[in-house]
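This one's a predicted model, so the numbers in the text were calculated from it and none came from an experiment. Numbered from 1 within each chain, the chains take letters A, B, ... in sequence-line order.
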Protein chains: 2
Amino acid sequence: MKNKNKKTVMSPAPSSVQKRKLIPKKTITSIEKNPEKLESEEVVKPSLSCVRRLPSYLQLLRALQADGHEYVSGTVLASVHHLAPVIVRKDLAFTGVTGTPRIGFQVTELIAAIERFLGWDNQNKAVLVGVGNLGSALLGYHGFENFGLQIVACFDNDPMKIDTWIRGCKVHSLDQLPRFIRRSHIVLGVLTVPAEAAQKTAERMVESGLLGIWNFTSVKLAVPANVVTQKEDLAEGLAVLSHRMQHVSKTLAIQQ
Amino acid sequence: MKNKNKKTVMSPAPSSVQKRKLIPKKTITSIEKNPEKLESEEVVKPSLSCVRRLPSYLQLLRALQADGHEYVSGTVLASVHHLAPVIVRKDLAFTGVTGTPRIGFQVTELIAAIERFLGWDNQNKAVLVGVGNLGSALLGYHGFENFGLQIVACFDNDPMKIDTWIRGCKVHSLDQLPRFIRRSHIVLGVLTVPAEAAQKTAERMVESGLLGIWNFTSVKLAVPANVVTQKEDLAEGLAVLSHRMQHVSKTLAIQQ
DNA sequence: TAGATTGTTAATCGATTAACAATC
DNA sequence: TAGATTGTTAATCGATTAACAATC
C-alpha cells in the first residue's frame, strides 16, 4: 500500500490556508515523507483516549454552566481530572473550538462543540433488548439523556414479561422488533440479554436494521462491517481495581 | 530520584537463574543503561491494557473448561478476541504460566494463574453503598462472583429504604457502615449513590476503613493515597460508540 | 521429520509530555 | 507591561507489532 498514483501535488503550496487551523494537521515532515497522503484522510483523527475523555469535560462544563461561569481555562479542566493541561488543549482542539489566551474557553460554546463532535446534539433514540436486572436498571437510569441517548422502547423474549410495564416502559415481544425499528427509524440498540442469547439476539437486531449495538453482555459479538458494536465490560474495571489494590498493599508492605 | 545507594550489585552474575524466566525482564541494553535499577522494581509491569484483557481470556477459558477442553493455544484465544497472537502470549506471560509449543496452555492451569494474578482466587467480600436503580441492579447481578467479588451488605441514607430487603440483601443505615466494616474486615466498597453525595459518602467509606472503592458515580473522587478508586463511567463507552457510528456513516457516504 | 506454536528481542507506531512562540 | 494561557511542533515514552530461534 504505497505510492498510489496521486494527482499533481505540486499545485500552489497550501500557505494561503494559514489563518486559523481548526483541526490539527500532521507535521510538514510527515507530509514530505508520505506525499501520496495529501488528500482527505490526511486529517489527524482523535485517539480513542481522547474520545473517552470528552464526556468528562462535558460533565464538568455543564456544572460550571449551571454555576454561572462563562469561561473556563483548559488548565482548570485538567486539574479537576488530574490530567496534563496539554492533553486537554489537544483534546479540545479536535472539537473545533478556539480558546482565548489568558481567558480560556467559552463554556457554552465548548459544551455545544463537544456535543456536536460526539453526535449528542440531537437526542438519539434507542431500544433496549433484554429486561433483566441490568436492563431494567438502565431503563430507570435517565442519566443517558445527558449524553444524547433516550431509550424509547424495550423488548424481551420472556412471555411472563411481555406486555408488563417496567420503569414506565412497556415490554414488547422480541418478534415486534423488526417492525418497530422500521417504523421508528431508530438505529441504536442496547443489548442486555443473558450471555447465551447474546449473539442470536444481536443478529435479530442487525436484521431489524439497527446500525449500532451497545453490548452489555460478556460475549464478543460477530456483526457485519457496517454495524458498530461497543462492549461494556465491568470485569475490566474490576480487574484494574483488584490489580491496583494488590499492588498498593504490596508497596505498603515493602515500605514498612 | 537517581542513584539511590544500592547494596553490592556486583555479586555473582545472575546467569544461574537462566532456566525458565517466568516473568519477562527488561532487555540487557536497558539494564546497562540504567545500572542503578537492578533491584526489585526492575521487573516489567503489565500494562493497563493487559490487565483489562485478562478477564476476557478468563471468561473464554472457563467456557472451554466447561466444554471439556484440556489445552488451548494462544492463537485461538487471540482469534476469538480479535487480537494479535503475540499480544496474548505476552499478556499470559505476566501470569507466570508456561505453554507448550504446538500444544498451547493447560486450560485449568491458566485459569488458576489469571485468577491468582488478579487476586480473584479467593472471593473478595464487598459492601455496596447507595441502593438506587443501579445499586439494586448490581445487587441482583451475581455475575461478579465469577470475578472474585461478592457483595455481602448494602447501605443507604434514605429512611424509606433502611431495613427493607432488596434482592435478598437487607438495607442498612449508612451510620452502621463503620461498625460493620470494622467487624467484617471488608476492604472493598461499591459506590452507587447520586453524584451530589458521592464525595461525602466516599469519605465516610474511607473513614470506615475501606481501601478500595469501585466508583459508579460521575464524580472524580478525592481520596488518600493508600485508597484505590476505580471509576466506571458508561458515558465513555457511549462516546466511543457514538463517535464510531458517525465515522462509519461518513465513510459509507464517501464510498457511495 | 515438518510445521505449528511458544517465548523473546528489536522495530514500529501512536499517545503523552516537553518546550515554546503567539496572544490577550 | 507582565504573566497566564493557548496552539503547535518536536521529543519522549510505552504499547503494539514484526521477526525469529527454540521447542514439541
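In this structure, Thr108(B) and Gln65(B) have side chains that are in contact, with non-hydrogen atoms separated by less than 4.5 Å. A 4.5 Å side-chain heavy-atom check between Met245(A) and Leu188(B) finds at least one atom pair inside the cut-off. Residues Leu211(A) and Val228(A) form no side-chain contact, since every pair of their non-hydrogen atoms from C-beta on lies 4.5 Å or further apart.
Contacts classified as side-chain hydrogen bond (donor to acceptor under 3.5 Å, both in side chains) and involving residues 71-86 of chain B (residues at least two apart or in different chains) are not found.
Put simply, the side chain of Gln123(B) gets close to the backbone of Leu149(B): a donor and an acceptor are under 3.5 Å apart. Here the side chain of Thr100(A) pairs no donor or acceptor atom with the backbone of Ile103(A) at under 3.5 angstrom.
The side chain to side chain donor-acceptor pair (under 3.5 Å) search around Ser242(A) returns Trp120(B), not counting sequence neighbours. For Gln199(B), the side chain to side chain donor-acceptor pair (under 3.5 Å) test picks out Glu203(B), with sequence neighbours left out. Applying the side-chain contact (heavy atoms from CB on, under 4.5 Å) rule to Ala202(A) yields the partners Leu191(A), Ile213(A), Leu221(A); only residues at least two apart in sequence or on another chain are considered. Remark: Asn215(A) engages Thr217(A) in a side chain to side chain donor-acceptor pair (under 3.5 Å) (not counting sequence neighbours). Under the side-chain contact (heavy atoms from CB on, under 4.5 Å) criterion, Glu232(B) pairs with Leu234(A), Trp214(B), Phe216(B), Gln230(B), not counting sequence neighbours. The side chain to side chain donor-acceptor pair (under 3.5 Å) test applied to Glu115(B) returns Arg62(B), not counting sequence neighbours.
Across residues 72-80 of chain B, Ser73(B), Gly74(B), Thr75(B) each have a non-hydrogen atom less than 4.0 Å from an atom of DNA chain C (numbered order). Of the residues in residues 233-242 of chain A, not one comes within less than 4.0 Å of DNA chain C through any heavy atom. Within residues 55-69 of chain B, no residue places a heavy atom under 4.0 Å from DNA chain D.
Phe94(B) places its CZ atom 17 Å from the P atom of dT6(C), with the value rounded to the nearest Å. Atom-to-atom, CZ of Arg102(A) to P of dC24(C) comes out at 13 Å; the value is rounded to the nearest Å. Between the OH atom of Tyr71(A) and the C1' atom of dC24(C) there is a distance of 12 Å, rounded to whole Å. To the nearest angstrom, C1' of dC24(D) lies 14 Å from CZ of Phe105(B).
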Sugar-phosphate or base contact per nucleotide [nucleotides 13-18 of chain C; S, B, -; heavy atom under 4.0 Å]: --SSBB

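The shortest non-hydrogen separation linking Pro55(A) to Ala235(B) is CG-O, 3.7 Å.
Between Arg53(B) and Asp91(B) a salt bridge is recorded (basic side-chain N to carboxylate O distance below 4.0 Å).
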CA sep, side-chain torsions, deciding dist, call: Leu134(B), Tyr141(A), side chain to side chain contact (heavy atoms under 4.5 Å, CB included): CA-CA 7 Å; Leu134(B) 187 58; Tyr141(A) 173 64; over 6 Å; no

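Consecutive pairing runs in DNA chain C reach the stem threshold at C:3-24 with D:3-24, where a stem means at least three Watson-Crick or G-U wobble pairs with distances under 3.5 Å.
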